[in-house]
Structure formats: C-alpha cells, structure tokens
Amino acid sequence: MGLASMYEDYFRIGAACAPDRLDQQGVHIAKHYRSITAENCMKPIEIQPAEGLFDFRQADKLVNYAFEHQLEVRGHTLVWHNQTGEWMFKDGNNHVTKETLFARMKTHIATVMARYPLIKSWDVLNEAIADEDNRFLRESMYSRIAGESYIEHAFKCAHEANHNANLFYNDYNESDPKKRDKIVRLLKGLLEKGIPVHGIGMQGHWNLYGPSIEEVQAAIEAYASLGLRIEVTELDLSLFDWNDRRCDLLEPTSEMLELQAKRYDEIFSLFRSYKDVIDSVTFWGAADDYTWLSDFPVKGRKNWPFLFDDRYQPKESYKRVTHFSRLERV
Ligand code: GLA
C-alpha cells in the first residue's frame, strides 16, 4: 500500500515533479502519491517566454502522465514576481501601463487555465507578501506598476477563466506569526470585497528546527478561521538550520534522521487533526534523489528532506507518518 492510500481518509498526498524526471521517478510517484505539481514547467516564463508565444510541451507531458495514472494536478503558478518573462512588464524601454499589464495577465491566465480545464486547484498568486516587518506587500514589478490592485485582478481573471476551479494564494514563511498576520490581512480584505479566493497554500519549506508545531498550528487556525481551505503545497524538511552553511556531510547522521522522523511524525499528526480543513499535502519532490535544497541555500550541498531515500526506499520518517493505527482512521 502506498503513502497516499494510507492517507486517503485524510487528504491527498502529492509531489512536485519535472517531466524529464518521470522516467526515473514516475513509478515511485504513481505508487505513493495522488497528485503532481509541476516543479517549474507551468511557471509563467516556461509557458509564455515571449508575448503570445505559448509553449505547453513540457506541461502537457506532465499533465498527461498524471491523468494517465489517475493523479490530480495542482496548477502552479499563474502570477509570480519570479520566473516571469521580463516582457510582461515592458513596453519598449518603458514600464507598461497598468492597463496593458492587466490585459497581459488576463491573456496569460485565461490561456493557461483553458488548456487544463481538469485541474481543480490553482495557485493563482505566489508570494505577494513582504518578508520585512515594516512592509506589507512585496516590492515587485507587479506592485510597482499596479499597487495592490493586481492581486484582485489575478483572482478575478482566474475565476472568469474557470468558475469551478479552487483558487489559492500561496506563500512561504507562512507559519511565521508576523508574516501569517499579513497574509490573513490580505486574504480577509479580498474576501470582504467578494474577490473569488478559496484557499491558502502553505508552502511548508521547513527544517529540523523550525517552525515550531505551535506556530504551524496557529497558522492553520488563523487561515481556517477565514473560512478558507488549506493545502500544504511545497513541504520539505531540510536537515540544516537556515544559518548552518556547512557542506562537508556526505550522508545524513543518524541523529539528523531521527530528528527528522520525530518532526515528520509531529507534523503529520497535526495535519491529521485538521483533516476537515486541509485538502492536500504536497511534498516539493518525491524522494531524496532530487531536491532543490541540494542547491539552496548552499550550491551543490546535498540535502535529504523527504520520506524516501535516494533509492526510493522508505526512511524512518515514512514509518512514523504511516504508523497511526486503523483506529485513528475514520
Ligand atoms: C518557491 C516556489 C516554487 C519553487 C520553490 C523553490 O517556493 O513557489 O515554485 O520555485 O520556491 O524550488
């Protein structure tokens, strides 16, 4: 029985993947996961590298694989300050007007969503809130040209493109109390204005030392109190604290793996207790053979953030998150 089957009474379990890794990871993914997120191939710059030049080849490959294997797909991501072609913000040597930017956003969102009408959940907007305490919105070309209004525009366009889709705001450091409160402020404002937003994507790029379970729980409570659905969208547990930049480890120590198992156990127990508001939990990778963390924040430093090792074998972490008894399963 795969990981996702054990969790089918709770929430969908997913993994991020790239089309060129399917040859290697495809069988493992189809066995243990129920959903796929495109690691990069659905990002704006990949799908529309130049104005009007849509390239769906990579995204189609991933989506076709998913549907052939009865996996769902999370759409990721329609609007982001990063990995978006510069053309989006330019008119010759000048910045575009807000009207032109809005028209381009609408075309991009409508075209991508029309291509994949079966995708039910979309990250409409990624990472619009600032990390700095003294700022609310992230400074980006979007906010520079259109202020806060680009946010509502994005959600309205997505709703217009597919009335049945679940529309998400997705962000990292989502459990940090200060950033959490800013995300709540943003989403509360949108809901009060009747903007169609249905859920929060908690990215979940965490490590062995933080955030605390209490912080994660408080974030889930805060987001759920707005009446929004929650999807954990990019979960990974780095073995290194953020400021730990050592790069001499060839294998994880047994202490690290034990701490990782303990953390995963606590995190999944918490998620299970919020199954009424959490619809899916997606890892930002499928197994330790590939993770973006092996290049971030230290280039070329191997990391081991998942439940499965380099050879797709279950780690102690896997055993802990699947140990819950049939009694707990409702
Ligand atoms: C963010 C984005 C993801 C991905 C990760 C790093 O969390 O939302 O798409 O780029 O960073 O891999």
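When a ligand or atom number is given, it counts from 1 through the structure's own listing order.
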J.: Below 3.5 angstrom, do we get any N/O pair linking His205 and ligand 1?
T.: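 Yes, since at least one N or O of His205 sits under 3.5 Å from an N or O of ligand 1.
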
J.: Quick check on contacts: which atoms of ligand 1 are under 4.0 angstrom from a heavy atom of Trp80?
T.: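 Atoms satisfying the 4.0 Å criterion: 2 (C), 10 (O).
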
J.: When you compare ligand 1 with Glu234, is there at least one nitrogen or oxygen pair between them that comes in under 3.5 angstrom?
T.: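 It does: an N or O of Glu234 is found under 3.5 Å from an N or O of ligand 1.
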
J.: Closer than 4.0 angstrom, basic N to acidic O: yes or no for Asp176 and Lys178?
T.: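 Salt bridge between Asp176 and Lys178, a charged N being under 4.0 Å from a carboxylate O: no.
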
J.: In terms of atom number and element, which parts of ligand 1 are under 4.0 angstrom from non-hydrogen atoms of Glu127?
T.: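 Heavy-atom distances to Glu127 below 4.0 Å select 1 (C), 2 (C), 7 (O), 8 (O).
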
J.: Less than 4.5 Å apart, any side-chain heavy atom of Arg104 and any of Trp87?
T.: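 Yes. Closest side-chain heavy atoms under 4.5 Å.
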
J.: At a non-hydrogen distance cut-off of under 4.0 Å, which region of Asn126 contacts ligand 1 (side chain, backbone, both, or neither)?
T.: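 Side chain only; the backbone of Asn126 stays clear of ligand 1.
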
J.: Do the ring centers of Phe324 and Tyr7 come within less than 6.0 Å of each other?
T.: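 So the answer is yes for these two rings.
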
J.: Please confirm whether Lys98 makes a cation-pi placement over Tyr150, using NZ or CZ under 6.0 Å from the six-membered ring centre and within 45° of the ring normal.
T.: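 The answer is no; the distance or angle limit is not met.
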
J.: Can you check which of His76, Lys43, Glu39 brings a heavy atom nearest to atom 10 (O) of ligand 1?
T.: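 Comparing heavy atoms across His76, Lys43, Glu39, the nearest one to atom 10 (O) of ligand 1 lies in Lys43.
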
J.: Could you tell me which residues satisfy ring pair (Phe, Tyr, Trp, His ring centres under 6.0 Å) with Phe240, sequence neighbours excluded, listed by chain and number?
T.: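 Once residues adjacent in sequence are excluded, Phe240 has no partner under the ring pair (Phe, Tyr, Trp, His ring centres under 6.0 Å) criterion.
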
J.: Has Arg115 got its NZ or CZ under 6.0 Å from the middle of the six-membered ring of Phe54, at an angle within 45 degrees of the ring axis?
T.: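 No, Arg115 does not lie over the aromatic ring of Phe54.
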
J.: Ring centres of His28 and Tyr312 under 6.0 Å apart?
T.: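 Under 6.0 Å, so yes.
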
J.: Have a look at ligand 1 and work out which part of Phe296, if any, has a heavy atom under 4.0 Å from it: side chain, backbone, both or neither.
T.: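 For Phe296, no heavy atom sits under 4.0 Å from ligand 1.
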
J.: Regarding ligand 1, does Asn40 bring an N or O atom to under 3.5 Å of one of the ligand's N or O atoms?
T.: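 No; the residue has no nitrogen or oxygen that sits under 3.5 Å from a nitrogen or oxygen of the ligand.
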
J.: Evaluate Trp284 for polar contact with ligand 1, using N/O atom pairs at a separation under 3.5 Å.
T.: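 Indeed, backbone or side chain, Trp284 has an N or O that close.
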
